[in-house]
Chemist: 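Submitted below is the structure of interest, expressed as structure tokens.
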Number of protein chains: 2
Amino acid sequence: MSVNSKAEILKTLGDQTRLRVAHLIAASKKSLCVCEIVDALKLPQYRVSKSLVMLRRAGLVDVDRNGTWGYYHPNESEKANASLFEFVKEFCAGEPFDLDIDALDRRLKLREKDKCVVGFVSEKELVKLMRKKGVEV
Amino acid sequence: MSVNSKAEILKTLGDQTRLRVAHLIAASKKSLCVCEIVDALKLPQYRVSKSLVMLRRAGLVDVDRNGTWGYYHPNESEKANASLFEFVKEFCAGEPFDLDIDALDRRLKLREKDKCVVGFVSEKELVKLMRKKGVEV
DNA sequence: TGCCTATATGCTTATATTTGCATATAAGAT
DNA sequence: ATCTTATATGCAAATATAAGCATATAGGCA
């Protein structure tokens with residue numbers, strides 16, 4: 001791989017939004033739906049969406065589409081990515097990034113049969129839905 | 001460390017010139033003098049110099065100054081950097097980056113008592129000096 | 001003193017990037 | 001068919017960045 005494409009990968013990760021998104025995808029064992037990422041990071045949808053496009057262009061993530069819903073996960077077809085995502089996880093270990101993971105984990109509790117079944121939800125709605133579902137808030 | 005400064009580190013590495021410079025510093029066991037880097041990468045001096053400033057600002061490298069000469073090495077005072085440089089070495093392992101290492105190794109043969117004693121030298125001069133010194137070209 | 005040489009830096013231009021907003025697309029439900 | 005919802009994208013403005021060249025600084029040496 002050229003010097004340029006290696007640099008391009010790091011540049012893509014070198015942005016707050018994209019790094020948080022990539023870290024979430026790296027750290028989560030599941031494929032993540034866009035609205036789950038949006039809610040976990042509390043960022044505008046278009047920003048997450050654009051970040052995902054760039055991560056995809058850099059060959060880092062891939063998407064499984066299921067109707068309108070898109071599930072993002074590390075792109076395993078590039079075998080170098082395994083260690084890259086390991087690095088991202090380690091590099092982002094600790095305080096500020098952990099909070100994203102926590103928020104994601106809560107949000108994932110709304111899944112049914114391991115699939116996302118709601119779109120964006122505010123914190124208030126999230127709590128309401130968790131109560132209704134009977135999961136720990 | 002904030003999300004921002006982590007992203008900043010990756011952004012700093014996400015540039016062809018800076019990545020090549022960082023890789024050279026990561027892969028070399030020795031502190032490298034600016035002119036050695038310039039010659040190994042065959043890039044304009046100001047470009048290498050500016051790259052080093054940015055790598056330093058990002059906390060990645062540090063310099064020991066010896067008169068006009070500057071010797072750059074990984075900044076060990078940030079303990080997270082050890083694994084970061086390990087990553088850079090692995091990430092850049094292989095073809096295009098290896099050529100930089102080869103060029104550096106040749107250039108380092110001109111050192112005396114492990115110190116750089118010449119400034120920029122062209123390929124032609126390099127060969128001449130190596131012959132004069134009696135080292136393998 | 002004045003001249004080299006190693007390295008850093010200021011300035012300019014061209015180009016890229018980020019952000020935000022509005023809107024498009026497209027699938028599903030009523 | 002229409003409405004809603006999930007996701008993507010086009011555009012404009014503000015800002016940042018990279019590249020190149022010229023020049024500054026500053027140490028060592030004649």
Chemist: Picking from D:dA19, C:dT18, C:dT9, which would you name as closest to the side chain of B:Asp15?
Modeler: D:dA19
Chemist: Does B:Val48 reach a base, just sugar-phosphate, or nothing at all? Heavy atoms under 4.0 Å.
Modeler: nothing
Chemist: For B:Trp69 and D:dA26, what is the distance between atoms CH2 and P respectively, to the nearest whole Å?
Modeler: 18 Å
Chemist: Kindly point out which of C:dA8, D:dT9, D:dT7 is positioned nearest to the side chain of B:Gln45?
Modeler: C:dA8
Chemist: If I take atom CE in residue B:Met54 and atom C1' in nucleotide C:dT9, what distance separates them, rounded to the nearest angstrom?
Modeler: 14 Å
Chemist: Given atom NZ of B:Lys50 and atom P of D:dT23, what is their separation to the nearest angstrom?
Modeler: 14 Å
Chemist: Take the protein atom CD of B:Glu8 and the nucleotide atom C1' of D:dA16, then report the distance between them rounded to whole Å.
Modeler: 11 Å
Chemist: Strictly below 4.0 Å: does A:Lys11 bring a side-chain N or O up to OP1 or OP2 of C:dA16?
Modeler: no
Chemist: Looking across every strand, which nucleic acid part, if any, lies under 4.0 Å from A:Val38 by heavy atom: base, sugar-phosphate, or nothing?
Modeler: nothing
Chemist: With a cut-off of less than 4.0 Å, is there a side-chain N or O of A:Thr68 near OP1 or OP2 of D:dA6?
Modeler: no
Chemist: Return the value, rounded to whole Å, for the distance between atom CZ of A:Arg57 and atom P of C:dT17.
Modeler: 11 Å
Chemist: At 4.0 Å (heavy atoms only), tell me whether B:Arg56 reaches a base, stays on the sugar-phosphate, or touches nothing.
Modeler: nothing
Chemist: Is it true that A:Lys11 and B:Asp15 have a side-chain N and a carboxylate O under 4.0 angstrom from each other?
Modeler: no
Chemist: Any side-chain N or O of B:Tyr72 under 4.0 Å from OP1/OP2 of C:dA8?
Modeler: yes
Chemist: Could you please name the option among C:dT19, C:dT18, D:dT7 that lies closest to any side-chain atom of A:Val34?
Modeler: D:dT7
Chemist: Given C:dT19, C:dT7, D:dA8, which nucleotide is nearest the side-chain atoms of A:Thr17?
Modeler: C:dT19
Chemist: Could you check whether atom NZ of A:Lys128 has more than 12 heavy atoms from other residues, nucleotides or ligands sitting under 6.0 Å from it?
Modeler: no
Chemist: Does atom CD of B:Glu90 have more than 12 heavy-atom neighbours, drawn from other residues, nucleotides or ligands, at distances under 6.0 Å?
Modeler: no
Chemist: With a 4.5 Å cut-off on side-chain heavy-atom distances among I, L, V, M, F, W and Y, is there a chain of contacts connecting A:Val3 to B:Ile101?
Modeler: yes
Chemist: Within this structure, what is the CD-to-P distance between A:Glu125 and D:dT5, rounded to whole angstrom?
Modeler: 11 Å
Chemist: Under 4.0 Å: is that the gap between some side-chain N or O of A:Arg47 and OP1 or OP2 of C:dG20?
Modeler: yes
Chemist: Separation of A:Arg65 atom CZ from C:dA27 atom C1', in whole Å?
Modeler: 12 Å
Chemist: Under the salt bridge (Lys or Arg N to Asp or Glu O under 4.0 Å) criterion, do B:Glu136 and B:Lys109 qualify, and how do the steps go?
Modeler: CA-CA 9 Å; B:Glu136 223 182 314; B:Lys109 290 185 184 168; 5.4 Å; no
Chemist: What is the separation between atom CZ on A:Arg107 and atom C1' on D:dA6, rounded to the nearest whole Å?
Modeler: 12 Å
